[in-house]
Protein chains: 2
Amino acid sequence: MTVRHLSESTEMYLKAMVELSDHEMVMVPRLAERLGVTPVSANEMVRRLGEQGLVSHTPYKGVNLTKKGREAAVNVLRRQRLWEVFLHDHLKIEWSHIYEYACSLEHATAPEVTEALAAFLGDPKTCPRGNPIPATDGSFKPLEGISLGELKTGDKARILAVNATATDVLQYLQERDILPGRELRVVEVAPLQGPLTLEVGSRITALGLSMAEFVIVKLIKS
Amino acid sequence: MTVRHLSESTEMYLKAMVELSDHEMVMVPRLAERLGVTPVSANEMVRRLGEQGLVSHTPYKGVNLTKKGREAAVNVLRRQRLWEVFLHDHLKIEWSHIYEYACSLEHATAPEVTEALAAFLGDPKTCPRGNPIPATDGSFKPLEGISLGELKTGDKARILAVNATATDVLQYLQERDILPGRELRVVEVAPLQGPLTLEVGSRITALGLSMAEFVIVKLIKS
DNA sequence: CTATAAAATAAGGCTAACCATAACATTTTT
DNA sequence: AAAAATGTTATGGTTAGCCTTATTTTATAG
């Protein structure tokens, strides 16, 4: 049915693809950025993934996952987010660190362990960063929401998920209480890619646009 | 103080060394056997470990761990055995599989996660295979017991630990109820490296010598 | 003390993932 | 339509960890 055993690197590429655009084409250099490798290396790897039938690449148009690739990617996501739940709820690991640690564990997790873990956790549907956890059968509908960067002055919204992966970014956001479930109001949007001024709880915070991109929100009708 | 980050392969070598002889010299080909690599590869790797100050190798005499190497090795053991406890007690993974799964996880476990896991598990002292779990500070006294292979006809003993690592061997032993805590009696020791005949519970079982080597027991005075 | 077995080393090769630099192709902008 | 920006490919290099096939060194048993 699905795939035997994929290298850690392969899993990271697949996960990156599903994380930064589900179903749309991704330019290879965008992938490279997210994975912290050079575009040349990413191209090389994409070729290898193509040979394995995991992605299809149309030069100058982008890559996307094949059916097989998406299955594998969703499976990685499942493992990762289950570990996130465990690390957060049971081990009480600090929120900003769980992504990093879960990411190491995910590659070392056999199917039997994944399912036992899911059962132990009570089949959670959401991870601590707010993202949905794919089901065993691979069914998975990505969060419907918009990026915080798309809001206008005066908009009110609830934070659905925080998709940052770097520990320091997560820490920065955590310090400002920008966490799943919180509600916020956009006080001001500065021009020229300038920062957003937000009111979260009763705090006023400035947030750069690039960080705001990581925050998925749902507009609250007002 | 201790070491930054060791590769998975490095950790496996260190663990193998502490597992198959604590404090005694090990011949490199013995290491190679346990790790499933050729003696040539093991020699190469031992050289690299030597350069990192983790082992010291005296040609034709054997290798042993340096202080630094032993610290690292004991740390790996700690992580591994903690995961074994989690997999067995909480995830209810089958006994014969926990070594294999724990072994993957151990290499992906940061210190913060290790300690949080230990706390979550209630600082267990023993893993499901019967081995002691090293403490955070690295203190660790190996089990004192003898190998089942050293027993004589008529001896009675209690099984302290089962040190096999291969899943199929563990399964074989599990099927014959050769598990930590069980008591047994040696019915017969066949000559010429022949099998032992054992009475475990009320069952009579024949066990080859090489498998018996994996079983650590304590003689019961009679 | 020499013969044999065991351990070690030498030499050359392979793979997955990375890197840099440079050339080339395509898309987008002006 | 030309220039600029972006994406891709070519080429050659690196590292860790493995491999095989000799060859050499040492330990040990007769």
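First the proteins, then the strands, lettered A, B, ... as listed; each starts at 1.
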Residue closer to the 5' end of DNA chain D, Gly62(A) versus Glu44(A) (nearest nucleotide): Gly62(A)
Pairs involving residues 96-111 of chain A, ordered by first then second residue, that meet salt bridge (charged side-chain N to carboxylate O under 4.0 Å, His left out) (sequence neighbours left out): Lys15(A)-Glu106(A)
With sequence neighbours excluded, residues passing side chain to side chain donor-acceptor pair (under 3.5 Å) with Thr10(A): Ser7(A)
Nucleotides bounding contact with chain B, strand DNA chain D, heavy-atom threshold 4.0 Å: dG17(D) to dA27(D)
Donor-acceptor contacts, no H, no angles, side chain residues 134-142 of chain A, under 3.5 Å, sequence neighbours left out:
from, atom 1, to, atom 2, distance (Å)
Thr136(A), OG1, Arg78(A), NH2, 3.4
Thr136(A), OG1, Glu115(A), OE1, 3.4
Asp137(A), OD1, Ser139(A), N, 2.7
Asp137(A), OD1, Ser139(A), OG, 2.7

Review item, side-chain donor-acceptor pairs of residues 56-63 of chain B, under 3.5 Å, at least two apart:
from, atom 1, to, atom 2, distance (Å)
Ser56(B), OG, Asn64(B), OD1, 3.1

Contacts of type side chain to side chain donor-acceptor pair (under 3.5 Å), residue Arg129(B), not counting sequence neighbours: Glu84(B)
Protein-to-nucleotide contact annotation, 5' to 3' order, nucleotides 25-30 of chain C [B base; S sugar-phosphate only; - none; under 4.0 Å, heavy atom]: BSS---
By side chain to side chain donor-acceptor pair (under 3.5 Å) - contacts of Arg47(B) (at least two apart): Glu51(B)
Whole-Å distance separating the CG atom of Asn43(A) from the P atom of dC18(C): 13 Å
Side chain of Val40(B) (C-beta onward), nearest among dA17(C), dA8(C), dA11(C): dA11(C)
Side chain to side chain contact (heavy atoms under 4.5 Å, CB included) against Arg30(A), all qualifying residues, sequence neighbours excluded: Val26(A), Met27(A), Glu33(A)
Euclidean distance, Met12(A) CE relative to Leu6(A) CG, rounded to 0.5 Å: 13.5 Å
N or O in side chain of Arg48(A) less than 4.0 angstrom from dA17(C) OP1/OP2: yes
Contact list for DNA chain D against residues 25-35 of chain B - heavy-atom distance below 4.0 Å: none
Nucleotide dA17(C), atom P - distance to CD of Glu8(B) in whole Å: 14 Å
Sugar-phosphate only, base, or nothing, as touched by Ser41(A) at under 4.0 Å among non-hydrogen atoms: base
Close side-chain approach of Leu179(A) and Leu173(A), heavy atoms under 4.5 Å: no
Sequence-distant partners of Asn163(B), side chain to side chain donor-acceptor pair (under 3.5 Å), two or more places apart: Asn131(B)
Any pair counted as ring-ring contact (aromatic ring centres under 6.0 Å, His included), so long as it reaches residues 98-121 of chain B, sequence neighbours left out: Phe86(A)-Phe120(B), His90(A)-Phe120(B), His90(B)-Phe120(B), His97(B)-Tyr101(B)
Touch class at under 4.0 angstrom, heavy-atom based, for Thr38(B) against every strand present: base
